[in-house]
Chemist: 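My questions all concern the structure below.
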Amino acid sequence: MVLDLILFRRRLVGTLWLWKVVATMKDTLRQLLREALARCYQNGSLVSGEVPAEIMVEVPANPDHGDFATNLALILAKKEKSAPRKVAEALMRALSREEDIFTRVEIAGPGFINFFLTPRCWYGVLDEIAEQGRGFGRQGFGAGTRVQVEFVSANPTGPLHIGHGRGAATGDALASLLAACGYQVEREYYINDAGNQMQTLGRSILLRCRELLGETVEFPGDCYQGEYIRDLAQEVLSEKGEQLLKAPEEETVPFLTDFGGSRILAGIAADLEDFGVRFDNWYSERSLYERGEIQKGIDYLREKGFAYEKDEALWFESTRFGDDKDRVMLRSNGVTTYFASDVAYHKEKFERGFDLVIDIWGADHHGYIPRMKAVVAALGRDKEALQVVLVQLVNLLRGGAPAAMSTRSGEFVTLREVMDEVGTDACRYYFLSRHSDSKLDFDLELAKEQSANNPVYYVQYAHARICSIKRKASEEGMEQPSRDAVDFSALGLPEELTLTKLLAQFPEVVAAAGRAFEPHRLTAYLQELATQFHAYYNRHRVVGEDVKTTSARLYLVNCIQTVIASALSILGISAPEKM
RNA sequence: GCGCCAGUAGCUCAGAUGGAUAGAGCAACGGACUUCUAAUCCGUAGGCCGGGGGUUCGAGUCCCUCCUGGCGUGCCA
């Protein structure tokens, strides 16, 4: 164990071959501290014998506090019945000095121990990036786990609106993020093509057809009001002719439901495609009925004894699994509920072999979480196997004034319109720059107006600038240096070290974002990286007369480009070479 | 009534597992282009982290309570 560590350190310093420098350094420091602590107990400078299960090593927010810091002395002080700084001193005296690693170790504040690493320690990460390219930062902790991310899943009763766009961006980025963490990921869209909303769609089209044929009809408020219904009516009439309406309504409405539903769904698919979202599966709710899955779901719960009849309805005893109320699956009128579909659907998801199922829902459905978790538990699964990520509704504004978003009222702004006005990159970045579970004001006028000032361009611009530098270097006859041709001692600027440390953090950012299911952490990281790069760019020239310096800087800058492109690609945002 | 989410700079929001002097982007003000892209940079200013208690070496973060806002609380989807 100790031998491994020594060998590791030698390799670390000797070859500068660093692997995930931040995470690994933390482990190394933890081990050194553990050794120091043991030594303290041996020589009696500390007496409590307390050994924390895990020693905390962190990257301080303030660079003056070193590259890494530990609160170990603060934790021990109480058991030691001694002042934290005294404990820290004992630890520090016992700490073996690795001069190749540390430039300085100090006690600060209430008793933190701060570690300052040699620049050479850090620059090794550049080789890692150069070697792994887009693979740098990828994690392995998801390996062997099959995960499904289900998102958007809007009824095919009208076009997607801006709120769906947020769900689409979040779900898609989360799926990519999890893939980057090693998970085997599938994206799925659940088509709610059963139930009375679809009937309403068919009825709405029928009424518009009659209108088009000159009939005076009263168009009910609960029908879909949007202009697209008229378009569909027009379309079906020109295809089928007036004959269509001669048939009895019981035949016409289902036909129109299918007709409208499939057209609308095709439109949705096209919108999502242009938004950069591709699903592995489009899963039809109606197919659950057709294959008898709904009945199987109900039967399953009944056989397990988790269902009972009351008031002529069939209930799932979800309270047994933590829900605050039992839920109806089969209504007294003989019609199954939406919930029954969800039981069957989720049962089927797990039967398909997913270890983890993630549902992305609008936050207005948050009340459904306990009952769906109850279903998962009733299926004999760990409740944690279902994770629900909530996306708060988008508050759509137009010039500061609220714009209605109800599909039924027809007064909505479609995702298509927003994409055309704002651009998909800006739109996606905007959605992904905030925690999905916090409300979002999306002012169309502002989004358009700000487009030149949008953070997404700031990040993309950094990428484009690096491409430009590389073009310039190429023109000057400087090719991208190979690993061995780079002398890191040429990277003497504080900005260069700062940038390198930021790059070294990328794997941890990916891991943290993946574990928390929070892709928005990547935008925060990108912002920071771009900021540091732009500052560097404005102060120093990469391509200069000095070959050694130029070469080292090109190497660094190329790594920055790799990481920016990599992070943007996870978010589904393009990394342009020119702007 | 009960439940979930939120309340951080003028505005929009970041702040995982409790850490040191709470950050960024807009907006405001003053500066920097004969240079690899000024979609950039540098500087200034801006805060009882909704209020009040508590837990401890330490709280924006955890607990309690109150206030405010959004959502949910169907044999709707």
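Values below: all heavy atoms of this structure, side chains included; hydrogens, waters and symmetry mates excluded. Naming: A, B, ... by sequence-line order, numbering from 1 per chain.
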Chemist: Which one, A20(B), A39(B), C75(B), comes nearest to the side chain of His65(A)?
Modeler: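 The closest nucleotide is A20(B).
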Chemist: Could Arg515(A) and Phe141(A) be counted as a cation-pi pair, given that NZ or CZ must be under 6.0 Å from the ring centre and within 45° of the axis?
Modeler: yes
Chemist: Between C13(B), C75(B), C71(B), which nucleotide gets closest to the side-chain atoms of Ser438(A)?
Modeler: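 The answer is C13(B).
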Chemist: From C-beta outward on Ala535(A), which listed nucleotide comes closest to its side chain: A20(B), U12(B), C42(B)?
Modeler: C42(B)
Chemist: For Asn196(A) and for Ala464(A), locate the closest nucleotide of RNA chain B by heavy-atom distance; then report the residue assigned to the nucleotide nearer the 5' terminus.
Modeler: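 Taking each residue's closest nucleotide, the earlier one in sequence belongs to Ala464(A).
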Chemist: At 4.0 Å (heavy atoms only), tell me whether Asn114(A) reaches a base, stays on the sugar-phosphate, or touches nothing.
Modeler: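 The residue Asn114(A) makes base contact.
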Chemist: If you compare every side-chain N and O of His366(A) against the phosphate oxygens of G70(B) (OP1, OP2), does one of them come in below 4.0 Å?
Modeler: no
Chemist: Across the strands shown, which category fits His435(A) at heavy-atom distances under 4.0 angstrom: base, sugar-phosphate, nothing?
Modeler: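 The answer is sugar-phosphate, as His435(A) gets under 4.0 Å only of primed atoms, P, OP1 or OP2.
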Chemist: Is the base of C75(B) touched by the side chain of Thr337(A) through a donor-acceptor pair closer than 3.5 angstrom?
Modeler: no
Chemist: Take atom NZ of Lys86(A) as the centre, draw a 6.0 Å sphere, and report whether it contains more than 12 heavy atoms from other residues, nucleotides or ligands.
Modeler: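 Not more than 12 within 6.0 Å, no.
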Chemist: Rounded to whole angstrom units, what separation is found between the CZ atom of Arg553(A) and the C1' atom of C36(B)?
Modeler: 12 Å
Chemist: Verify the contact: side-chain N or O of Lys325(A) to OP1 or OP2 of G74(B), cut-off strictly under 4.0 Å; return yes or no.
Modeler: yes
Chemist: With rounding to the nearest 0.5 Å, note down the distance linking CD in Glu312(A) to CG in Asn333(A).
Modeler: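 Interatomic distance, Glu312(A) CD to Asn333(A) CG, rounded to 0.5 Å: 10.5 Å.
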Chemist: Tell me what Ala108(A) touches on the nucleic acid: a base, only sugar-phosphate, or nothing, going by heavy atoms under 4.0 Å.
Modeler: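 Counting heavy atoms under 4.0 Å across all strands, the contact made by Ala108(A) includes a base.
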Chemist: Heavy atoms from C-beta onward define the side chain here; which of C5(B), C42(B), C75(B) lies closest to that of Arg539(A)?
Modeler: C42(B)
Chemist: For G10(B) versus G47(B), give the span between their C1' atoms, rounded off to a whole number of Å.
Modeler: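 So the two C1' atoms sit 12 Å from each other.
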Chemist: How is His540(A) classified with respect to the nucleic acid when contacts are heavy atoms under 4.0 Å: base, sugar-phosphate, or nothing?
Modeler: base
Chemist: Decide yes or no on side chain to side chain donor-acceptor pair (under 3.5 Å) for Gln527(A) and Tyr458(A), but give the supporting numbers first.
Modeler: CA-CA 8 Å; Gln527(A) 179 75 36; Tyr458(A) 183 82; 5.0 Å; no
Chemist: Give one of base, sugar-phosphate or nothing for Ala513(A), where a contact means two heavy atoms less than 4.0 Å apart.
Modeler: nothing
Chemist: Does the side chain of Arg465(A) get closer than 4.0 angstrom to OP1 or OP2 of A38(B) through an N or O atom?
Modeler: yes
Chemist: Hey, does Ala473(A) reach any base, or is it just sugar-phosphate, or nothing, if we go heavy atoms under 4.0 Å?
Modeler: nothing
Chemist: Regarding Asn71(A), tell me which of base, sugar-phosphate or nothing describes its non-hydrogen contacts under 4.0 Å with the strands shown.
Modeler: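 Base, at least one base atom sits under 4.0 Å.
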Chemist: Quick one: closest heavy-atom pair of Asn558(A) and Lys470(A), and the distance?
Modeler: OD1-NZ, 2.7 Å
Chemist: Measure the distance from CZ on Arg166(A) to P on C13(B) and round it to the nearest whole Å.
Modeler: 9 Å
Chemist: Taking only the side-chain heavy atoms of Leu74(A) (C-beta and beyond), determine which of C36(B), G19(B), C76(B) contains the nearest atom.
Modeler: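 Closest nucleotide among those given: G19(B).
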Chemist: Checking salt bridge (Lys or Arg N to Asp or Glu O under 4.0 Å) for the pair Arg203(A)/Asp222(A): CA distance, chi angles, key distance, verdict?
Modeler: CA-CA 10 Å; Arg203(A) 208 153 49 89; Asp222(A) 66 341; 3.7 Å; yes
Chemist: Partner of A28(B) by Watson-Crick or G-U wobble geometry, both contacts under 3.5 Å, or none?
Modeler: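 Base-paired to U44(B).
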Chemist: Counting only side-chain N and O atoms of Arg331(A), is one of them less than 4.0 Å from OP1 or OP2 of C76(B)?
Modeler: yes
Chemist: Measure from CG on Asp437(A) to P on A16(B) and round the result to the nearest Å.
Modeler: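 Value for this atom pair: 16 Å.
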Chemist: Can you tell me, in whole Å, how much space there is between the P of G58(B) and that of G1(B)?
Modeler: 36 Å
Chemist: Taking the side chain of Asn538(A) as its heavy atoms from C-beta onward, which of C41(B), U12(B), C36(B) lies nearest to it?
Modeler: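 For the Asn538(A) side chain, the nearest candidate turns out to be C41(B).
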Chemist: Taking O4'-C1'-N9-C4 for purines and O4'-C1'-N1-C2 for pyrimidines, is C26(B) syn (within 90° of 0) or anti?
Modeler: anti
Chemist: Nearest of G19(B), G25(B), G15(B) to any side-chain atom of Ile75(A)?
Modeler: G19(B)
Chemist: Need the pair for A22(B). Rule: Watson-Crick or G-U wobble, both distances under 3.5 Å, any strand; none if unpaired.
Modeler: none
Chemist: Measure CG/Leu330(A) against P/G74(B) and give the value in whole Å, please.
Modeler: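 After rounding, the reported distance stands at 19 Å.
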Chemist: Out of C36(B), A14(B), A39(B), which has the shortest distance to the side chain of Ala524(A)?
Modeler: A14(B)
Chemist: Return the value, rounded to whole Å, for the distance between atom CZ of Arg327(A) and atom P of U73(B).
Modeler: 9 Å
Chemist: Less than 4.0 angstrom between a side-chain N/O of Tyr537(A) and OP1 or OP2 of U35(B), yes or no?
Modeler: no
Chemist: Do you know which two heavy atoms are closest between Cys181(A) and Gly514(A), and how far apart they sit?
Modeler: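 Of all heavy-atom pairs spanning Cys181(A) and Gly514(A), the closest is SG-CA, 3.9 Å.
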Chemist: side-chain hydrogen bond (donor to acceptor under 3.5 Å, both in side chains) with Tyr283(A): which of Lys349(A), Glu188(A), Glu348(A), Glu150(A)?
Modeler: Glu348(A)
Chemist: How far, in whole Å, is U65(B) from G19(B) if one measures between their P atoms?
Modeler: 24 Å
Chemist: Under 4.0 Å, heavy atoms only, any strand: does Gln460(A) hit a base, just the sugar-phosphate, or nothing?
Modeler: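 Here Gln460(A) touches no strand at all.
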Chemist: Does the pair Glu475(A) and Arg471(A) meet the rule for a salt bridge (Lys or Arg N to Asp or Glu O under 4.0 Å), with working shown?
Modeler: CA-CA 6 Å; Glu475(A) 282 164 22; Arg471(A) 281 194 295 272; over 6 Å; no
Chemist: Find the distance Ile369(A):CD1 to U73(B):C1' and express it as a whole number of Å.
Modeler: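 So the CD1-C1' distance, Ile369(A) to U73(B), works out to 14 Å.
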Chemist: Please determine, for the side chain of Gln392(A), which listed nucleotide (C5(B), C75(B), G25(B)) has the closest atom?
Modeler: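 Nearest nucleotide to the side chain: C5(B).
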Chemist: Within the structure shown, what part of the strands sits under 4.0 Å from Ala77(A) by heavy-atom distance: base, sugar-phosphate, or nothing?
Modeler: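 Since no nucleic acid heavy atom lies under 4.0 Å of Ala77(A), the category is nothing.
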Chemist: Round to the nearest Å and state the distance from Tyr429(A) atom OH to G25(B) atom C1'.
Modeler: 10 Å
Chemist: How many Å lie between NE2 on His520(A) and P on A24(B), as a whole number?
Modeler: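 Distance check: His520(A) NE2 to A24(B) P gives 17 Å.
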Chemist: Of the options G25(B), C5(B), C71(B), whose atoms approach the side-chain atoms of Asp364(A) most closely?
Modeler: C71(B)
Chemist: Is there a donor-acceptor contact under 3.5 Å linking the side chains of Asp359(A) and Tyr190(A)?
Modeler: no
Chemist: Would you tell me if any nitrogen or oxygen in the side chain of Lys578(A) comes within less than 4.0 Å of OP1 or OP2 on C36(B)?
Modeler: no
Chemist: Rounding to the closest angstrom, what is the interatomic distance between U44(B) and U8(B) at atom P?
Modeler: 26 Å
Chemist: Considering only the P atoms, how many Å lie between A20(B) and A59(B), rounded to the nearest integer?
Modeler: 10 Å
Chemist: Within the 4.0 Å heavy-atom criterion, would you say Asn155(A) contacts the bases, only the backbone, or no part of the nucleic acid?
Modeler: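 Contact class for Asn155(A): sugar-phosphate only.
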Chemist: Remember a base hit wins even if backbone is also touched, and classify Asp311(A) as base, sugar-phosphate or nothing at under 4.0 Å, heavy atoms.
Modeler: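 Base, at least one base atom sits under 4.0 Å.
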Chemist: Taking the same atom, C1', in U56(B) and in G51(B), what whole-Å distance lies between them?
Modeler: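 After rounding to an integer number of Å, I get 22 Å for this pair.
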Chemist: Centroid distance below 5.5 Å plus an interplanar angle below 30 degrees: do Phe112(A) and G19(B) meet both conditions?
Modeler: no
Chemist: Please give the nucleotide sitting opposite G1(B) as a Watson-Crick or G-U wobble pair, both distances under 3.5 Å, or none.
Modeler: U73(B)
